[in-house]
Amino acid sequence: NCKPGKVRPMVEKFVAMAGMMEKAGQPKMRIMTDFAGDRYWTIVAEFEVESLDAFEKMMSGQGPQMDAETMKEMDELMKDYHDLVDRGRREIYKLHN
């Protein structure tokens, strides 16, 4: 959840981050914002991965890596993002087709 008035700057950061990650060969990230809900100013970043193991590897920096220049861009992009955020959480779901 973002602080009031901070959704747009956070979405812009997430969209840019998603592009960097996808170029590095990581899973496509879908960014969604709330239309209605319990709390306003909610952003959801969604990844679809093949397995929980693949997700754990992605989150721990294993697998496709960004080059040093892209990592520097990512660090600059996400600098001070905590100023935009009120709180966050992670949820993991299993798909059943």
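- Side chains of Glu76 and Lys72 form no contact here, defined as non-hydrogen atoms less than 4.5 Å apart.
- Linking ILVMFWY side-chain heavy atoms closer than 4.5 Å, directly or via other members, places Met59 and Leu52 in a single hydrophobic cluster.
- Residues Trp41 and Asn1 are not in side-chain contact: their nearest non-hydrogen atoms beyond the backbone lie 4.5 Å or more apart.
- Residues Val44 and Arg30 form no side-chain contact, since every pair of their non-hydrogen atoms from C-beta on lies 4.5 Å or further apart.
- Between Leu95 and Glu48, some side-chain heavy-atom pair lies under the 4.5 Å cut-off.
- Here the CD1-CD1 distance, from Ile43 to Ile31, works out to 9.0 Å after rounding to the nearest 0.5 Å.
- Look at Lys79 and Asp75 and you find no salt bridge, because none of the NZ, NE, NH1 or NH2 atoms lies under 4.0 Å from a carboxylate O.
- The closest donor-acceptor contact from the side chain of Thr70 to the backbone of Met66 lies at 3.5 Å or more, if one exists at all.
- Distance CZ/Phe14 to CG/Leu84: 9.5 Å, rounded to 0.5 Å.
- Side-chain contact between Phe47 and Met58: present, with at least one pair of heavy atoms (C-beta onward) separated by less than 4.5 Å.
- Within the 4.5 Å cutoff, side-chain heavy atoms of Met10 are placed close to those of Val85.
- Side-chain contact between Leu77 and Met20: present, with at least one pair of heavy atoms (C-beta onward) separated by less than 4.5 Å.
- The neighbour count for Met32 CE, taken as heavy atoms of other residues, nucleotides or ligands under 6.0 Å away, is above 12.
- Between the Asp67 side chain and the Glu69 main chain, a donor and an acceptor come within less than 3.5 Å of each other.
- Glu46 contributes atom CD, which lies 11.0 Å from atom NZ of Lys28 (distance to the nearest 0.5 angstrom).
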